[in-house]
Amino acid sequence: MKAAILSQSKQIEIRQVPTPQTSQPDELVADVKFVGVCKTDQQLMQTGIEKDCILGHEVVCSLPERSGHFALNNELSCGKCSYCVEGLTSHCLNLKELGVNEDGGYTEKICVPKNALHPFQFSNPALGVLIEPLSCAVHGFNRILATLKLLPVSQPKTLVIGGGISGTLMTYLLDRSPEFQGQISLYDITPNQLPWLDKLGIERVEKPEPDRFHLAIECSGSPGGLKMAFALVRKGGLVFIYGVPKPDITLPMSPQELFMQEVTVLTSFAGATDATITAAIDYIKQDEAFFEKLLGKFIPLEQLSQELTYWSPQPGTRTVVDLEA
């Protein structure tokens, strides 16, 4: 079978690889149907990894003996270490991440534990590629909700920075949750239209005002986005870092400035659990028409290297690899 492999030379190569076989009683071999192209894939290609690896972690599968489709939770935790016991499975000391440090979904078949597959029924099964990123957004949103009591107001003026898929999903959760009553605006550096914003009725600002926002949510992962978040947040406010920053990026505010301005810094890393995946499936099921707008280009596996090299997703959408194309 064919697979897209990130080689140690930082190149994506389409190779013929052996069909996977189960080695444990709780494993099965699933047929891969669709895989979402995540910016994490691009960053892994840029930085390289220690061994050849099949990338792809936003995976939709089917099973020969069962009907329907399944979303993959690519985080395989041990369930025994201190972090797993506390429910922080994304920080498992023995974590295996399919498509990150273990072979993932850019291939025709994948061997996974049975409990890593979550069934769903959407009119368009390709929507399943949004389950994993939305699951991570649910985890991050829950962290925001747990911290809102630190703010001085009950309806915080909120700025989401970055209109890519991370900013899109986070904005959606903010807008649709009855637990969040803030006033939401969005900033994105691109001049391109973001059709999903009109669907939600969210204000897009071109030049955000300094000292206005109680909550700044950074979803781009860029140095400019981080600088903007800290520059615009009010004293006593909250900066939430959700976009994945590169390792060499530093905070644009010193500890002394954080102290003097009493700014709270909150982060969110991954967070795909049974609970967040179930919540993500429910959100998509209840609003399929909205999430359809977030599906962008469909490409065959052979175009993955070009897509990651030039990184050209349609704004606010997820590019999808169709394994049957």
Side-chain angles (χ1 to χ4, degrees), residues 58 71 73 87-88 90 118 120 122 127-188 194-205 208 212-220 225 229 232-234 236-243 264-294 316-318:
E58 299 175 358
N73 182 352
L88 296 175
S90 293
H118 295 259
F120 66 88
F122 303 151
L127 287 170
V129 303
L130 298 173
I131 293 173
E132 192 275 344
L134 182 54
S135 170
C136 294
V138 168
H139 171 72
F141 179 64
N142 288 339
R143 288 176 64 79
I144 291 175
L145 290 180
T147 317
L148 286 179
K149 60 185 179 181
L150 294 177
L151 297 178
V153 294
S154 60
Q155 297 182 335
K157 293 180 180 177
T158 301
L159 180 67
V160 178
I161 300 171
I165 200 70
S166 294
T168 301
L169 297 176
M170 188 59 66
T171 303
Y172 180 87
L173 295 175
L174 291 166
D175 180 71
R176 294 303 168 94
S177 172
E179 299 176 82
F180 183 81
Q181 301 298 319
Q183 305 169 41
I184 310 167
S185 303
L186 180 130
Y187 170 83
D188 190 88
L194 301 171
W196 60 268
L197 269 181
D198 296 333
K199 177 71 173 178
L200 296 181
I202 300 296
E203 176 193 16
R204 179 173 180 174
V205 294
R212 176 186 176 189
F213 299 98
H214 304 98
L215 171 59
I217 303 176
E218 207 301 297
C219 295
S220 72
L232 299 181
V233 73
R234 289 176 60 81
L238 170 64
V239 172
F240 180 57
I241 302 174
Y242 186 64
T264 299
V265 179
L266 182 68
T267 65
S268 178
F269 170 72
T273 65
D274 289 348
T276 60
I277 288 177
T278 297
I281 292 172
D282 289 343
Y283 274 114
I284 297 173
K285 183 64 177 177
Q286 294 167 15
D287 203 354
E288 288 190 34
F290 172 81
F291 288 98
E292 280 278 359
K293 295 180 180 293
L294 308 187
T317 69
R318 182 59 99 221

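All of these numbers come straight from a predicted model, not from anything done at the bench.
Here the closest non-hydrogen pair linking Ala229 and Ala216 is O-CB, 3.8 Å. When all heavy atoms of Ser177 and Phe141 are compared, the closest pair comes out as CB-CZ, 3.4 Å. The minimum heavy-atom distance between Ile184 and Leu174, with the atom names listed, is CD1-CB, 3.6 Å. For the pair Tyr242 and Cys136, the tightest heavy-atom approach, listed with the atom from each and the gap, is OH-C, 3.2 Å. Closest of all the heavy-atom pairs between Ala272 and Ser90 is N-OG, 4.0 Å.
Judged as a side-chain hydrogen bond (donor to acceptor under 3.5 Å, both in side chains), and not counting sequence neighbours, the contacts of Glu203 are Ser185. Among residues two or more places apart in sequence or in another chain, the side chain to side chain contact (heavy atoms under 4.5 Å, CB included) test is passed with Pro133 by Glu58, Leu169, Arg318. Contacts of Thr317 classified as side-chain hydrogen bond (donor to acceptor under 3.5 Å, both in side chains), with partners at least two apart in sequence or in another chain: none. A search for salt bridge (Lys or Arg N to Asp or Glu O under 4.0 Å) contacts involving Arg176 returns Asp287, not counting sequence neighbours. The side-chain hydrogen bond (donor to acceptor under 3.5 Å, both in side chains) search around Ser268 returns none, not counting sequence neighbours. For Ser220, the side-chain hydrogen bond (donor to acceptor under 3.5 Å, both in side chains) partners at least two apart in sequence or on another chain are Glu218, Ser222.
In this structure, CG in Asp198 is found 10.0 Å from CZ in Arg204, a value given to the nearest 0.5 Å. Between Leu200 atom CG and Lys293 atom NZ the span is 10.0 Å, to the nearest 0.5 Å. Note that OG1 of Thr168 and CD1 of Ile202 are 11.0 Å apart. Values are rounded to the nearest 0.5 Å. Here the CG-CG distance, from Leu266 to Leu148, works out to 9.5 Å after rounding to the nearest 0.5 Å. For the atom pair CG (Leu159) and SG (Cys219), the distance works out to 9.5 Å, reported to the nearest 0.5 Å.
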Using a 3.5 Å cut-off and no angle test, enumerate the donor-acceptor pairs between side-chain atoms of residues 276-286 and protein atoms at least two apart in sequence or in another chain.
{"from": "Thr276", "atom 1": "OG1", "to": "Ser135", "atom 2": "OG", "distance (Å)": "2.6"}
{"from": "Thr276", "atom 1": "OG1", "to": "Gly271", "atom 2": "O", "distance (Å)": "3.0"}
{"from": "Thr276", "atom 1": "OG1", "to": "Thr273", "atom 2": "N", "distance (Å)": "2.8"}
{"from": "Thr276", "atom 1": "OG1", "to": "Thr273", "atom 2": "O", "distance (Å)": "3.2"}
{"from": "Thr276", "atom 1": "OG1", "to": "Thr273", "atom 2": "OG1", "distance (Å)": "3.3"}
{"from": "Thr278", "atom 1": "OG1", "to": "Asp274", "atom 2": "O", "distance (Å)": "2.8"}
{"from": "Lys285", "atom 1": "NZ", "to": "Gln121", "atom 2": "O", "distance (Å)": "2.8"}

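Of the residues listed (His214, Arg234, Gln183, Gln181), the one engaging Pro156 in a side-chain contact (heavy atoms from CB on, under 4.5 Å) is His214, and it is the only one.
Contact of the Leu194 side chain with the Leu186 side chain is registered, since non-hydrogen atoms from C-beta on lie closer than 4.5 Å. Contact of the Leu173 side chain with the Ile144 side chain is not registered, since no non-hydrogen atoms from C-beta on lie closer than 4.5 Å. No side-chain heavy atom of Phe213 sits under 4.5 Å from any side-chain heavy atom of Val233. Annotation: side chain of His118 is not in contact with side chain of Ile131 (no heavy-atom distance under 4.5 Å).
Contacts classified as side chain to side chain donor-acceptor pair (under 3.5 Å) and involving residues 137-164 (residues at least two apart or in different chains) are not found. Pairs passing the ring-ring contact (aromatic ring centres under 6.0 Å, His included) check and including a residue from residues 157-183, sequence neighbours excluded, read Tyr172-Phe290, Tyr172-Phe291. Note on residues 143-169: no pairs pass ring-ring contact (aromatic ring centres under 6.0 Å, His included), not counting sequence neighbours.
Between Phe120 and Phe122, the ring planes are tilted. Angles from 30° to 60° get that label.
A donor-acceptor pair under 3.5 Å links the side-chain atoms of Thr171 to the main chain of Gly167, judged by distance alone.
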